[in-house]
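Okay, so here's the structure we're looking at.
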Amino acid sequence: MTQKKKLTVLSGAGISAESGIPTFRGADGLWEGHRVEDVATPEAWHRNPTLVQQFYNERRKKALEVFPNDGHKVLADLEAEFDVTIITQNVDNLHERAGSTNVIHLHGELFKARSTYDETLIYDVEGWEIKMGDCCEKGSQLRPHIVWFGEAVPMMFEAEKVVKQSDFLIVVGTSMLVYPAASLAFMTNPGVPIYVVNPQKTEFPPTPDLFFIEDVATKGLKKVADILKKEN
Ligand code: APR
């Protein structure tokens, strides 16, 4: 049996837009009504943890009402022909629900929370509304298992390794404005084709290996899947 080629996908909020989750920097962006620094930084957590919990409780509740779209499904189906790793900046679980089995969450997961006392104590909180005082051991507190602005990105090392071993890269639904996540798109080996799917042009250094598909994820990813299947 020949080994499947390695396909890596870097996804951002845009892939979940057609499922009904607003992007961050769009007109009806998730941060609207809140300044980022009030809900998604360690300082915000120290200043007003109740507000931060409420913000993520609300997002967690809304995430139960949405479903994977054809974009997520196309990527899951590609596992039949490629060794696919999804590196997502999204904290929803729509890639997994579509059937993708190998997902790295760079910025954490909405349906998980962890102890402030021992960060290795991670709990499944799907359907939960976390309150101040909720936790595991005395004096500790459950916090969202989310990488906030200003925090380290623990999964970067693993993600870098995956990107450097890729035969193909898809970059879908990300504004490429948030680092270090965006830097992954520039870590492929020379000659590795990069397919960027986005209805809006995003900043990429010009390279002959870059193919821009100016479309939404549901349609654009089908086009990329067709190209990849022919190249395989
Ligand atoms: N299909 C594909 N792309 C889309 C679609 C769609 N239907 N709709 C919008 N987009 C694109 C937008 O053009 C934009 O480039 O998705 C991108 C969304 O960008 P952001 O809102 O900045 O989201 P993202 O890049 O994932 O943000 C990165 O920033 O706020 C933090 O931690 C948060 O993980 C997030 C990170």
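Every value quoted in this text rests on a predicted model; they were computed, and no experiment measured them. Start at 1 and go down the list; that is how both ligands and their atoms are numbered.
An N or O contact shorter than 3.5 Å is missing between Phe149 and ligand 1 by distance. For ligand 1, the polar-atom distance check finds no N/O of Asp215 at less than 3.5 Å from any of the ligand's N/O atoms. Residue Ala217 places at least one N or O, backbone or side chain, under 3.5 Å from an N or O of ligand 1. For ligand 1, the polar-atom distance check finds an N/O of Phe24 within less than 3.5 Å of one of the ligand's N/O atoms. At least one N/O-N/O distance between Ser175 and ligand 1 falls below 3.5 Å.
Look at Ile15 and you'll find every heavy atom at least 4.0 Å from all atoms of ligand 1.
The heavy atom nearest to atom 12 (C) of ligand 1, out of those in Thr23, Val171, Asn198, is found in Asn198.
For Val178, every heavy-atom contact with ligand 1 shorter than 4.0 Å involves the side chain, none the backbone. Proximity of His107 to ligand 1, defined as any heavy-atom pair under 4.0 Å, is confined to the side chain (atoms from C-beta onward).
Near Glu18, the atoms of ligand 1 lying under 4.0 angstrom from a non-hydrogen atom of the residue are 1 (N), 6 (C), 7 (N). For ligand 1, the atoms closer than 4.0 angstrom to any heavy atom of Gly12 are 26 (O). Every atom of ligand 1 is numbered from 1 in the order shown, and the set under 4.0 Å from a heavy atom of Gln200 is 13 (O).
Looking at heavy atoms from C-beta onward, Thr85 lies out of side-chain contact with Val9 at the 4.5 angstrom threshold. Residues Val196 and Leu210 have side chains in contact (heavy-atom distance under 4.5 Å, counting atoms from C-beta outward).
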Stepwise, does the salt bridge (charged side-chain N to carboxylate O under 4.0 Å, His left out) test hold for Asp215 with Lys223? CA-CA 9 Å; Asp215 211 336; Lys223 292 179 193 169; 2.7 Å; yes

Where do Asp38 and Arg47 land on the salt bridge (charged side-chain N to carboxylate O under 4.0 Å, His left out) test, with the steps shown first? CA-CA 9 Å; Asp38 288 341; Arg47 221 171 22 237; 3.6 Å; yes

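Residue-environment remark: CH2 (Trp128) stays at or below the threshold of 12 foreign heavy atoms within 6.0 Å.
A side chain to side chain donor-acceptor pair (under 3.5 Å) check over residues 143-156, counting only residues at least two apart or in different chains, returns the pairs Tyr56-Trp148, Arg114-His145, Arg143-Glu151. Note on residues 166-184: pairs passing side chain to side chain donor-acceptor pair (under 3.5 Å), not counting sequence neighbours, are Thr8-Ser166, Gln89-Thr174.
Glu79 and Thr101 form a side-chain donor-acceptor contact under 3.5 Å, judged by distance and modelled atom types alone.
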